[in-house]
Amino acid sequence: MKRVFCPKCDHQIAFDDSKYEDGKVIAMVCPQCASQFKIKIGRKTVRTKSGQEKEVKEPDFTYGHITVIENNFAFKQDLPLVLGDNVIGRRNKDTDGVDVPIITSDPSMGRKHCVIHVKQDKNGKLAYSLRDFPSLTGTFLRNELLGNKEVARIEEGDVITIGATTFILRTPDGEQQE
């Protein structure tokens, strides 16, 4: 399954791309706003609102990533992390300042919900910490609610819940950090 967004209203549309060959152009109609647009299967570029084409880059998991667990609100997603603060929240076309946007319809997840900070020591080891942004529904680490301004160290495989959405921290080497 492939997911695309309507260029007019940003509504998410899912379709089975395995039925089409690479390079084929498909006309789509958004079920929400009735806008018509075209996509090209296997395409590595996208057309921006200004009409220019930009290349779609493969995600860089050098500093780890989070894996969003599929539920009623969201599909499985692997979202890369970068050095420094990674603001995590619900994807919205009008939201600025979110570094790791989760595509979801979860109304209990804030647009800016929590922050994962990634730092590298002088030996090259990565360390991860988690804090609430703050959000209305809180951030849970291993089913424990983080307190106001509390910063918790997180490691490979830690389960984090924001709203009704859960994700898992994945480090580049996939092993527990010291």
Side-chain angles (χ1 to χ4, degrees), residues 1-83 86-114 116 118 126 128 139-140 154-175:
M1 290 296 282
K2 183 173 179 77
R3 291 172 172 82
V4 296
F5 291 93
C6 172
K8 184 175 181 184
C9 70
D10 207 39
H11 179 73
Q12 178 182 322
I13 304 166
F15 70 98
D16 186 3
D17 62 334
S18 65
K19 296 179 180 179
Y20 307 97
E21 57 195 50
D22 279 353
K24 183 159 179 78
V25 176
I26 302 171
M28 300 193 80
V29 177
C30 176
Q32 185 165 322
C33 70
S35 175
Q36 298 178 2
F37 61 97
K38 294 179 183 179
I39 63 166
K40 189 172 185 178
I41 301 296
R43 189 175 189 174
K44 295 294 181 190
T45 60
V46 293
R47 189 168 300 233
T48 62
K49 289 182 180 180
S50 63
Q52 297 176 335
E53 289 195 7
K54 72 176 190 178
E55 187 175 336
V56 176
K57 297 179 182 173
E58 293 295 319
D60 180 9
F61 296 140
T62 304
Y63 300 107
H65 67 282
I66 61 170
T67 299
V68 178
I69 298 172
E70 187 166 348
N71 65 17
N72 288 339
F73 297 111
F75 57 94
K76 181 180 183 265
Q77 301 166 65
D78 289 319
L79 304 167
L81 299 172
V82 296
L83 281 177
N86 294 271
V87 178
I88 300 171
R90 185 177 71 240
R91 181 187 186 278
N92 184 299
K93 72 177 187 173
D94 298 327
T95 302
D96 290 327
V98 175
D99 305 308
V100 185
I102 296 175
I103 302 168
T104 182
S105 60
D106 179 0
S108 59
M109 180 194 303
R111 291 182 182 171
K112 295 180 182 177
H113 201 104
C114 67
I116 292 180
V118 181
L126 295 172
Y128 302 85
T139 298
F140 293 80
I154 56 176
E155 298 176 342
E156 165 70 27
D158 276 345
V159 177
I160 299 146
T161 303
I162 55 177
T165 302
T166 301
F167 60 87
I168 301 169
L169 175 69
R170 298 295 182 199
T171 59
D173 55 9
E175 297 177 7

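Asp99 contributes atom CG, which lies 9.0 Å from atom NZ of Lys112 (distance to the nearest 0.5 angstrom). Residue Ile66 holds its CD1 atom at 11.5 Å from CZ of Arg170, rounded to the nearest 0.5 Å. Rounding to the nearest 0.5 angstrom, the gap separating the CD1 atom in Ile168 from the NE2 atom in His65 is 9.5 Å. The distance from atom NZ of Lys40 to atom NZ of Lys24, rounded to the nearest 0.5 Å, is 12.0 Å. Rounding to the nearest 0.5 Å gives a distance of 11.5 Å between OG of Ser35 and CE of Met28. Distance check: Phe167 CZ to Asp158 CG gives 10.5 Å after rounding to the nearest 0.5 Å.
At least one donor-acceptor pair closer than 3.5 Å links the side chain of Ser108 to the backbone N or O of Ala164. Side chain of Thr104 to backbone of Arg90: no donor-acceptor contact under 3.5 angstrom is found. Here the side chain of Gln77 pairs no donor or acceptor atom with the backbone of Val68 at under 3.5 angstrom. Between the Asn86 side chain and the Ile116 main chain, a donor and an acceptor come within less than 3.5 Å of each other.
When every heavy atom of Phe61 is checked against every heavy atom of Leu79, the shortest pair comes out as CE2-C, 4.2 Å. When all heavy atoms are compared, the tightest approach of Arg91 to Pro101 is CB-CB, 3.8 Å. Tyr63 approaches Leu81 most closely through the heavy-atom pair CB-O, 3.6 Å. The two atoms that bring Leu126 and Pro172 nearest to each other are CD1-CG, 3.7 Å, heavy atoms only.
Looking only at side-chain heavy atoms (C-beta outward), Ile162 and Ile102 come within less than 4.5 Å of each other. Counting heavy atoms from C-beta outward, Ile88 and His113 have side chains that stay 4.5 Å or more apart. At a threshold of 4.5 Å between non-hydrogen side-chain atoms, the residues Lys76 and Thr67 count as touching. Using a 4.5 Å heavy-atom cutoff, the side chains of Ile39 and Phe15 are in contact.
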*Please assess Asn71 against Thr166 for the test side chain to side chain contact (heavy atoms under 4.5 Å, CB included), listing each intermediate value before the final yes or no.*
CA-CA 9 Å; Asn71 65 17; Thr166 301; 5.9 Å; no
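Checked options Lys8, Gln12, His11; the residue passing with Gln32 is His11 (criterion: side-chain hydrogen bond (donor to acceptor under 3.5 Å, both in side chains)).
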